[in-house]
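Taking it in order: structure first as structure tokens, then the write-up.
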Amino acid sequence: MIYFDNAATGGFKPRAVTEQVETITKYLCANPGRSGHRLSITGAKIVYSCREILADFFGAKSDNVAFTKNCTEALNLAIFGTLKKGGHIITTIYEHNSVLRPLYKLEKDGLITLDVVAPTSEKDILTAIKEKINCDTYLIVTTAVSNVTGEKLPVKEIGKIAKENDILYLVDGAQGGGHIPLSITDDNISMLALAGHKGLYGIMGIGSLIFNENVNISPIIYGGTGTESFSLTQPKTYPERLEAGTLNLPAIGSLNEGVRYIKNNLSNFSEKLIESTSYLIDGLSDIQKVRCYSSPNESGIVSFKIEGLESNAVADLLNQNYDIAVRGGLHCAPLIHRYLKTESSGLIRVSLAVQNTAREINTLLHAVDDICKY
């Protein structure tokens, strides 16, 4: 199968990633850091190594790297863990339901007020955000990259606005992590949520919340941490404060190797994905009945629709008749579809990896052309 669904989960894993998972699964049965024997200590060293490389890659301190089971949990931890009752939050129409559902839950319960902003012909997203800031605003939440169109948001500029107004800034890095430079320090990001299984080349089951030293995050899960065991309250120190229960050591080990792989290749990989998305967009533009909603981008995302056809139907045809994996539908991001006026049919999302070839893209283009002739 030709795999073009990398925005959901990366299809290619470096050999170092798969070998690390196999080694840990076979030989490191112990709970990392919970005991004093060699196996437990070895596991703890892998966990610490992953914290260090994430901290270095994203401009933070290793103690401020907390592991979660995915990016959704990291976003929930950031949103609920910094809740200020009666406060005001600003977000955008580009967001995934991992952001929107927690925020709408808080608004429905009367705990916050919420503004969702969109660019218009008169104003860009920065201006829209600035206009909604008020004396109760304590949090701005945006994605780094739209999971629908691949559009990159001005993270550094939004971070500057947040810092100038003493507002926390949470970034959903699910599609940006491993594709574009993101820095807690340089971009004035308060909290960065990451998915380990997409652009960072880890396996499923691992995410991370990385945060700066000025953020106070309350835990949303309570339990054993292997530290301060006589205390019946959660530890005050990070990252243990936010990591109750057994960590997913095989997945953390995979992320450790995945970040090492991408760290030395980020610039080259970004250039390759811009080239590949440009090639795909040009090809789609030459096919009648096709409308593309993406520009060339570093995250490998290209979304389009075929006139008169539902996106899920097209995705099914590509799967069944051409052995090509893409994703149709609304991609868990309803507001951007409403903004694009594609909520009724959805979009076909092709999400490329660096490892996808021009030949594979050409196969897709021929398949789309065939479908348009039905």
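FYI, the numbering just counts along the sequence from 1.
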Whether over 12 other heavy atoms sit under 6.0 Å from Asp166 CG: no
Is a donor on one side and an acceptor on the other found under 3.5 Å between the side chain of Glu22 and the backbone of Thr18? no
What's the separation between atom CD1 in Ile217 and atom CZ in Arg241, rounded to the nearest 0.5 Å? 9.0 Å
Looking at Ser40 and Arg34, would you say the former's side chain and the latter's main chain have a donor-acceptor pair under 3.5 Å? yes
Can you find a heavy atom in the side chain of Ile125 that is under 4.5 Å from one in the side chain of Tyr94? yes
Between Ser98 and Thr72, do the side chains contain a donor N or O and an acceptor N or O under 3.5 Å apart? yes
If you round to the nearest 0.5 Å, how far is CG of Leu111 from CG of Leu106? 6.0 Å
Can you establish whether the number of heavy atoms outside Lys130 located under 6.0 Å from its atom NZ is more than 12? no
Measuring from Thr137:OG1 to Ile167:CD1, what's the distance to the nearest 0.5 Å? 5.0 Å
With the side chain counted from C-beta on, respond yes when Ile93 and Arg338 share a heavy-atom pair under 4.5 Å apart, and no when they do not. no
Whether the Thr127 and Asp124 side chains hold a donor-acceptor pair (N or O, under 3.5 Å, no angle test) is what I'd like checked. yes
When the ring centroid of His96 is compared with that of His331, is the distance short of 6.0 Å? no
Would you find a donor on one side and an acceptor on the other, under 3.5 Å apart, between the side chain of Thr91 and the backbone of Val116? no
To check you understand the geometry: which heavy-atom pair defines the closest contact between Val141 and Val99, and what is its length? CG1-CG1, 3.7 Å
Using atom types as modelled and distance alone, determine if a side-chain donor or acceptor of Ser311 lies under 3.5 Å from a backbone N or O of Ser345. yes
Indicate whether the side chain of Glu95 and that of Thr92 have a donor and an acceptor atom separated by less than 3.5 Å. yes
Check whether any side-chain N or O of Ser254 sits under 3.5 Å from a backbone N or O of Gly202 as a donor-acceptor pair, and report yes or no. no
Side chain Ser183, main chain Gly59, donor-acceptor under 3.5 Å: no
Between Ser278 and Ile274 (side chain of the first, backbone of the second, donor and acceptor by atom type, cut-off under 3.5 Å), is there such a pair? no
Keeping the roles fixed (side chain from Glu298, backbone from Glu271), state whether a donor-acceptor pair exists under 3.5 Å. no
Does the pair Lys305 and Val290 meet the rule for a side-chain contact (heavy atoms from CB on, under 4.5 Å), with working shown? CA-CA 6 Å; Lys305 72 176 182 180; Val290 170; over 6 Å; no
Using salt bridge (charged side-chain N to carboxylate O under 4.0 Å, His left out), reason through Lys263 and Asp56 one step at a time and then give a plain yes or no. CA-CA 10 Å; Lys263 183 179 178 182; Asp56 179 65; 2.5 Å; yes
Would Glu307 and Arg291 count as a salt bridge (charged side-chain N to carboxylate O under 4.0 Å, His left out) if you check the C-alpha gap in whole Å, the side-chain angles of each, and the deciding distance to 0.1 Å? CA-CA 8 Å; Glu307 180 184 335; Arg291 180 180 175 184; over 6 Å; no
In terms of relative ring orientation, are Phe211 and Tyr238 parallel, tilted or perpendicular, with 30° and 60° separating the classes? perpendicular
Can you label the angle between the Tyr201 ring and the Tyr261 ring as parallel, tilted or perpendicular, going by 30° and 60°? perpendicular
Give, for atom CD1 of Ile221 and atom NZ of Lys69, the distance between the pair rounded to the nearest 0.5 Å. 6.0 Å
Can you confirm whether Gln320 is buried at CD, in the sense that more than 12 heavy atoms of other residues, nucleotides or ligands lie under 6.0 Å from that atom? yes
Are a donor atom and an acceptor atom from the side chains of Asn256 and Ser49 found within less than 3.5 Å of each other? yes
Main-chain N/O of Asp316 paired to Asn312 side chain as donor or acceptor, under 3.5 Å: no
At what distance, to the nearest 0.5 angstrom, does CG of Asn268 lie from OG of Ser270? 8.5 Å
With a 4.5 Å heavy-atom cut-off, do Tyr293 and Val302 have their side chains touching? no
Inter-residue atom distance Leu255.CG - Ile203.CD1, 0.5 Å rounding: 10.0 Å
Quick one: do Leu249 and Leu28 satisfy side-chain contact (heavy atoms from CB on, under 4.5 Å)? Show the steps, please. CA-CA 9 Å; Leu249 183 58; Leu28 281 180; 4.3 Å; yes
Hey, mind stepping through Asp187 and Lys160 against salt bridge (charged side-chain N to carboxylate O under 4.0 Å, His left out) and telling me if it holds? CA-CA 7 Å; Asp187 297 331; Lys160 183 179 179 183; over 6 Å; no
Under 4.5 Å between any side-chain heavy atoms of Met191 and Val171, yes or no? no
Can you name the closest pair of heavy atoms from Val47 and Pro32 and give their distance? CG2-CB, 4.0 Å
Check this for me: does any side-chain nitrogen of one of Asp136 and Lys84 sit under 4.0 Å from a carboxylate oxygen of the other? no
Residues Asn165 and Tyr138: side-chain donor-acceptor under 3.5 angstrom: no
Heavy-atom pair with the smallest gap, counting every atom of Asn356 and Tyr3: ND2-O, 3.3 Å
Between Leu170 and Ile140, is a side-chain contact (heavy atoms from CB on, under 4.5 Å) present by the stated rule, with each step listed? CA-CA 6 Å; Leu170 167 61; Ile140 297 171; over 6 Å; no
Among side-chain atoms of His88 and Thr113, is any donor-acceptor pair under 3.5 angstrom? no
Per the side chain to side chain donor-acceptor pair (under 3.5 Å) rule, which among Arg51, Lys45, Glu52 passes with Tyr48? Glu52
Which is it for Leu284 and Val350 under the side-chain contact (heavy atoms from CB on, under 4.5 Å) test, yes or no, and what are the steps along the way? CA-CA 11 Å; Leu284 289 170; Val350 180; 5.8 Å; no
Under 3.5 Å, is there a donor on one side chain and an acceptor on the other for Thr233 and Tyr222? no
Any donor-acceptor pair under 3.5 Å from Ser299 side chain to Gln175 backbone: yes
